[in-house]
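Let me begin by presenting the structure, written as structure tokens, before commenting on it.
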2 protein chains.
Amino acid sequence: MGRGKIVIRRIDNSTSRQVTFSKRRNGIFKKAKELGILCDAEVGLVIFSSTGRLYEYASSSMKSVIDRYGRAKEEQQLVANPNSELKLYWFF
Amino acid sequence: MGRGKIVIRRIDNSTSRQVTFSKRRNGIFKKAKELGILCDAEVGLVIFSSTGRLYEYASSSMKSVIDRYGRAKEEQQLVANPNSELKLYWFF
DNA sequence: ATGGCTATTTATAAGTC
DNA sequence: TGACTTATAAATAGCCA
């Protein structure tokens with residue numbers, strides 16, 4: 001989406017990588033917000049830049065998203081394997 | 001991005017909402033993958049549809065993202081308020 | 001519900017200042 | 001190092017043989 005077509009592979013030049021990161025990070029956050037509103041969805045997005053900095057967005061709160069994620073994973077595990085131990089399975 | 005311009009507000013018609021959800025969900029997952037690759041970032045995305053179904057993507061694993069998120073939040077808290085208790089602060 | 005199709009809107013790669 | 005600009009690629013809204 002720009003003056004030229006690009007291939008999806010790591011951008012070697014670190015300055016270009018930072019510029020692209022900043023632009024696309026804004027884009028994806030916007031998309032996340034729109035999805036939440038348009039479709040009445042709960043969305044959580046966590047991004048660590050290559051320099052290790054954290055960026056986050058949650059349509060509700062990140063705690064709510066992570067808690068719900070954990071519960072959903074436990075449920076999935078329970079359905080898939082009713083006799084297994086709970087917890088610890090939402091890692092993968 | 002389509003035949004008509006839309007306003008970003010909840011789509012009332014549930015069938016349209018589902019269709020839009022499915023299309024945009026694919027779009028944002030693609031964007032998340034591209035961001036991870038192009039910019040060498042670690043990305044985690046969790047989406048619950050309005051019907052409560054979970055969709056997820058992580059460039060590494062969700063466990064890795066959530067763990068790292070927790071550590072980053074603890075660090076932020078520590079920097080902001082050196083004498084406070086740790087843990088429990090990454091909720092908000 | 002589902003999967004194409006394309007006119008149109010939107011995102012963004014390069015470029016400019 | 002950002003903040004703008006713009007040509008072009010990409011996403012998608014509305015439709016449907």
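Chain naming here is simple, since letters A, B, ... match the order of the sequence lines and numbering starts at 1 in each. Values reported hereafter were calculated over all heavy atoms of this structure, with side chains retained and with hydrogens, waters and symmetry mates removed.
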Next on the checklist: Enumerate the ring pair (Phe, Tyr, Trp, His ring centres under 6.0 Å) contacts for residues 14-52 of chain A, please, sequence neighbours excluded, ordered by first and then second residue.
Outcome noted: A:F21-A:Y55
Item to check | Members besides B:V79 in its Ile/Leu/Val/Met/Phe/Trp/Tyr cluster (side-chain heavy atoms under 4.5 Å) | outcome: none
Next on the checklist: Test of understanding: with salt bridge (charged side-chain N to carboxylate O under 4.0 Å, His left out), list the residues that count as partners of B:R68, not counting sequence neighbours.
Outcome noted: B:E42
Next on the checklist: Can you see if the side chain of B:K5 gets near the phosphate of C:dT10 - specifically, an N or O under 4.0 Å from OP1 or OP2?
Outcome noted: yes
Checklist outcome for this item: d(A:E56 CD, B:K73 NZ) to nearest 0.5 Å is 3.5 Å
Checklist entry - Rounded to the Å, how far apart are A:M1 CE and C:dG15 P? => result 19 Å
Item to check | Atom pair distance, as rounded to whole Å: CZ in B:R3 and P in C:dA7 | outcome: 6 Å
Next on the checklist: Quick check for you: name the first and last nucleotides of DNA chain D, 5' to 3', having an atom under 4.0 Å from a heavy atom of chain A.
Outcome noted: D:dT6 to D:dT12
Item to check | A:R10: partners by salt bridge (charged side-chain N to carboxylate O under 4.0 Å, His left out), with sequence neighbours left out | outcome: A:D12, B:D40
Next on the checklist: Report for the helix from C:dG3-D:dC16 to C:dC17-D:dG2: angle between first-end and last-end helix axes, five pairs each, rounded to 10 degrees.
Outcome noted: 30°
Next on the checklist: Quick check: do B:I6 and B:I11 have side-chain heavy atoms less than 4.5 Å from each other?
Outcome noted: no
Checklist entry - Are side-chain heavy atoms of A:I8 and B:K33 found at a separation under 4.5 Å? => result no
Checklist entry - Looking at residues at least two apart in the chain, or sitting in another chain, which of them share a salt bridge (charged side-chain N to carboxylate O under 4.0 Å, His left out) with A:R24? => result B:E34
Item to check | Atom-pair distance (CZ on A:R17; P on C:dT12), nearest Å | outcome: 18 Å
Item to check | Interface with DNA chain D, restricted to residues 19-30 of chain B and to heavy atoms under 4.0 Å | outcome: B:T20, B:K23, B:R24, B:G27, B:K30
Next on the checklist: Quick one, A:N81 and A:Q77 - any side-chain contact, counting heavy atoms below 4.5 Å?
Outcome noted: yes
Item to check | Sequence-distant partners of A:R71, salt bridge (charged side-chain N to carboxylate O under 4.0 Å, His left out), two or more places apart | outcome: none
Checklist entry - Which whole-number value in Å describes the distance from A:N13 CG to C:dG15 P? => result 13 Å
Item to check | Sequence-distant partners of A:Y57, ring-ring contact (aromatic ring centres under 6.0 Å, His included), two or more places apart | outcome: none
Checklist entry - Does any non-hydrogen side-chain atom of A:I47 lie less than 4.5 Å from one of B:L45? => result no
Item to check | Any residue of residues 31-53 of chain B with a heavy atom less than 4.0 Å from an atom of DNA chain C | outcome: B:K31
Checklist entry - Tracing side-chain links under 4.5 Å among I, L, V, M, F, W and Y, which residues wind up in one group with B:V7? => result none
